[in-house]
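For reference, the structure is listed below as structure tokens.
FYI, side chains are in, hydrogens and waters are out, and symmetry mates aren't considered; it's all heavy atoms of this structure.
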Amino acid sequence: MDFWQRYRAIDARDTRFDGQFYTAVRTTGIYCRPSCPARTPKADNVTFYETSAAAHDAGYRACKRCLPEAVPGTPAWNVRSDIAGRAMRLINDGVINRDGVEGLAARLGYSSRQLNRILSHELGAGPLSLARASRAQTARTLLVSTAMKVSDIAFAAGFSSVRQFNETIGEVFAMTPSALRATARQNRSPAATTALTLNLPYREPFDPGVFDFLAVRAIPGIEEGTSTSYARTLRLMHGDARFRVDYDAGAAGRPLVLTIGAVDLRDLAALLSRVRRLLDLDADPVAIDAALEADSRLAAAVALTPGIRMPGAVDPQELLIRAMIGQQITVAAARTALVQLSAAGSTSLVPDDGLHRLFPTAAQIAGTGFELLRGPQRRIDAVRGAAAAMASGDLDFGYGDDVQGLEAKLLPLAGVGPWTVGYVAMRVIGAPDVFLANDAAVRNGIRSLAETPDGATLTPDFREVSPWRSYATMHLWRAAAAAQAAARKPSLPPKQAPSQNPKQTPKQTPKEAKP
């Protein structure tokens, strides 16, 4: 977007652009989100910044009226696979808090000096400033949503001391932490409870079908899911954690409520980032739907389910194992195999009703867990080999990779092909332009869509909707599942259930599962 496109967006107070850029006004020294209700400033006094960190570094403070730190993340990070996008994903996952700038640079293959120069040029701020802005956002969320002690919030947000926390809040928001907490417009979770309850911001529209996707793949004891909720246990850097997300379409504002049942406060920022990635909450659904509905094959599906989301992953290593097990079989068969494998996992140290286990680590799978798998020996050996490589550190991948990097790391593994790499890229790094052309469910979805109009010349790989083909894939999976469900409906009245001979059931064509 150029200057005048952005200026028209702030003049229209368009909420779709919240988080995509920030508006700084020289005469007031304040920066705002695009939808700020304040009077539109004169164009001569306006400077636009890609990130809030860049506005901080330029000497501006956050608007107390629109709270620009309380918006969904920049959707550009879901599209960009360059060094800036990869760095932002790792910063949001807390890498600087854990490993410092040197650790971040090493993961990306640059020196810290090179990385600082690249990010300053691309985003207007260096890695420390970007991490500082991320900590400020986490702190603001906790201050206004919970009754946690200020000292606990300081360390949970990633600050090294309460003094540093107080100074940053004062510089960013021009308020003390207590004054910022007093601005809360909603009930805070009480200090006496061990759970934290937060509202997760997102851009509308929001299609809750992402919960169905996760629910049908949920592993009992580790995950629980319904059409409007999802809960699970997971292992983070400093300990076990447990969370639950609920969506209420009937409530005012259609909130997504995150309840964190247990977490080490040092892991809180990383947990928030991973939950947002899991539900694809930083996407720009309006822009995505506009591109998809231009394809006549997808127009009806987009109109029926606006705001479709692409499920992410809270653990990259776990996702690879699930993808490898799910190849060439149905979702139900993959889930059965994963339930068997889950017995190799350890008991969670923070159990709750129905959630008491952790998905097995790579070391546990390589050690004895592979013995619980059934099926072709080649597949079992492939899973064991990948787990051993991850356990030894020979295979290291995650949110900071790009598609090419994943291909280089994963394709040499036995049992891993282009489908697996594409699926992992979609769910781990949020790659938006993956099209799984050889996926059986994708092919079934294409057949179930409306026919291509006469005279239309549309490509079979849906390149017309690039760079959003991953979301086209989600629509095709949805269409295939709907067609399959319709085919299973009994043709006789409910009171006249037909008798079936299991031996006469037609053979099912193997499908690629999306575990």
Original post:
Just how far is it from atom CZ of F206 to atom CZ of R309, taken to the nearest 0.5 Å?
Top reply: 6.0 Å
Original post:
Does N97 offer a backbone N or O that forms a donor-acceptor pair with the side chain of R266 under 3.5 Å?
Top reply: no
**OP:** Take R297 and E464, measure what salt bridge (Lys or Arg N to Asp or Glu O under 4.0 Å) needs, and give me the verdict at the end.
**Re:** CA-CA 11 Å; R297 295 166 293 185; E464 290 83 2; 3.4 Å; yes
**OP:** To the nearest 0.5 angstrom, please state how far the CD atom of Q137 sits from the OG atom of S52.
**Re:** 7.0 Å
Original post:
Should D14 and R8 count as an ion pair when the cut-off is N to O under 4.0 Å?
Top reply: no
Subject >> Short side-chain donor-acceptor distance under 3.5 Å, Y471 and D280 >> reply: yes
**OP:** Take I260 and L272 through the side chain to side chain contact (heavy atoms under 4.5 Å, CB included) test and state the conclusion after the steps.
**Re:** CA-CA 9 Å; I260 301 173; L272 292 174; 4.2 Å; yes
Original post:
For the atom pair NE2 (H475) and CH2 (W468), what is the distance rounded to the nearest 0.5 Å?
Top reply: 12.5 Å
Original post:
Are Y60 and Y31 near enough that their ring centres are under 6.0 Å apart?
Top reply: no
Subject >> Full working for side chain to side chain contact (heavy atoms under 4.5 Å, CB included) between R277 and V428 >> reply: CA-CA 8 Å; R277 295 188 62 79; V428 172; over 6 Å; no
Subject >> Stepwise side chain to side chain contact (heavy atoms under 4.5 Å, CB included) test for R322 and I219 >> reply: CA-CA 11 Å; R322 295 176 79 138; I219 303 172; 3.8 Å; yes
**OP:** Would you check if L258 and L196 make a side-chain contact, meaning some heavy-atom pair closer than 4.5 Å?
**Re:** no
Original post:
In terms of side-chain heavy atoms, does S35 have a donor or acceptor partner in D18 at a distance below 3.5 Å?
Top reply: yes
Original post:
Do the side chain of N92 and the main chain of M88 share a donor and acceptor less than 3.5 angstrom apart?
Top reply: yes
Original post:
Can you tell me if S120 uses its side chain to pair, donor with acceptor, with the backbone of G124 under 3.5 Å?
Top reply: no
Subject >> Ion pair check, R235 and E318, cut-off under 4.0 Å >> reply: no
Original post:
Taking L256 as the fixed residue, which of L198, T228, L200 is the one that meets the side chain to side chain contact (heavy atoms under 4.5 Å, CB included) rule?
Top reply: L200
**OP:** Ignoring hydrogens and angles, tell me if any N or O in the side chain of Q114 forms a donor-acceptor pair with the backbone of S111 under 3.5 Å.
**Re:** yes
**OP:** To the nearest 0.5 angstrom, please state how far the CD1 atom of I325 sits from the OG1 atom of T420.
**Re:** 11.5 Å
**OP:** Taking the side chain as every heavy atom from C-beta outward, state whether D99 and L104 have any pair of such atoms under 4.5 Å apart.
**Re:** no
**OP:** Working to the nearest 0.5 Å, report the span between CZ of F213 and CD1 of I308.
**Re:** 10.0 Å
Original post:
Can you list the steps and then say if W419 with N438 is a side chain to side chain donor-acceptor pair (under 3.5 Å)?
Top reply: CA-CA 7 Å; W419 182 91; N438 294 326; over 6 Å; no
**OP:** Spell out, as yes or no, whether a donor-acceptor pair under 3.5 Å connects the side chain of R13 to the backbone of A38.
**Re:** yes
Subject >> N-O pairing of R242 and E224 below 4.0 Å >> reply: no
Original post:
Hey, mind stepping through L410 and V424 against side chain to side chain contact (heavy atoms under 4.5 Å, CB included) and telling me if it holds?
Top reply: CA-CA 10 Å; L410 300 182; V424 171; 4.1 Å; yes
Subject >> Heavy-atom check, side chain of Q20 versus side chain of D284, under 4.5 Å >> reply: yes
Original post:
Just checking, R469 and F462: is the charged tip under 6.0 Å from the six-membered ring centre and within 45° of the axis?
Top reply: no
Original post:
So do T47 and V25 actually touch side chain to side chain, heavy atoms under 4.5 Å?
Top reply: no
**OP:** Determine whether Y110 and I83 make a side-chain contact, defined as any pair of heavy atoms from C-beta on separated by less than 4.5 Å.
**Re:** yes
Original post:
Do T197 and T146 touch side chain to side chain, with heavy atoms closer than 4.5 Å?
Top reply: no
Original post:
Who passes side chain to side chain contact (heavy atoms under 4.5 Å, CB included) against P306, sequence neighbours left out?
Top reply: P205, D289
Subject >> D207 with R478: basic N within carboxylate O range, under 4.0 Å >> reply: yes
**OP:** Could you list the residues that satisfy side-chain hydrogen bond (donor to acceptor under 3.5 Å, both in side chains) with R254, not counting sequence neighbours?
**Re:** E204
**OP:** Please answer whether the main-chain N or O of A301 pairs with a side-chain N or O of T305 as donor and acceptor at a distance below 3.5 Å.
**Re:** yes
Subject >> Plane angle bin for Y247 and F211 - parallel if under 30°, tilted between 30 and 60°, otherwise perpendicular >> reply: parallel
**OP:** Assess whether ring-ring contact (aromatic ring centres under 6.0 Å, His included) is satisfied between F48 and F21, documenting all intermediate values.
**Re:** CA-CA 7 Å; F48 294 114; F21 63 87; 5.4 Å; yes
Subject >> Working for side chain to side chain donor-acceptor pair (under 3.5 Å), residues T473 and S470 >> reply: CA-CA 5 Å; T473 298; S470 296; 5.8 Å; no
Original post:
Do R65 and C32 come close enough that some side-chain heavy atom pair is under 4.5 Å?
Top reply: no
Original post:
Under a 4.0 Å N-O cut-off, is there an ion pair linking D401 with K409?
Top reply: yes
Original post:
In terms of the angle between their ring planes, are Y7 and W4 parallel, tilted or perpendicular, with boundaries placed at 30° and 60°?
Top reply: perpendicular
Subject >> Spacing of CE belonging to M390 relative to CG belonging to L413, to within rounding of 0.5 Å >> reply: 8.5 Å
Subject >> Test side chain to side chain donor-acceptor pair (under 3.5 Å) applied to T40 and D11, step by step >> reply: CA-CA 6 Å; T40 304; D11 193 40; 3.2 Å; yes
**OP:** Begin from the C-alpha positions of N444 and Q484 and carry the test side chain to side chain donor-acceptor pair (under 3.5 Å) through to its verdict.
**Re:** CA-CA 9 Å; N444 291 339; Q484 187 178 38; over 6 Å; no
Original post:
Got a sec, which pairs hit salt bridge (Lys or Arg N to Asp or Glu O under 4.0 Å) with one end in residues 51-63, sequence neighbours left out?
Top reply: none
Original post:
How about H56 and T51: do any of their side-chain heavy atoms sit closer than 4.5 Å?
Top reply: no
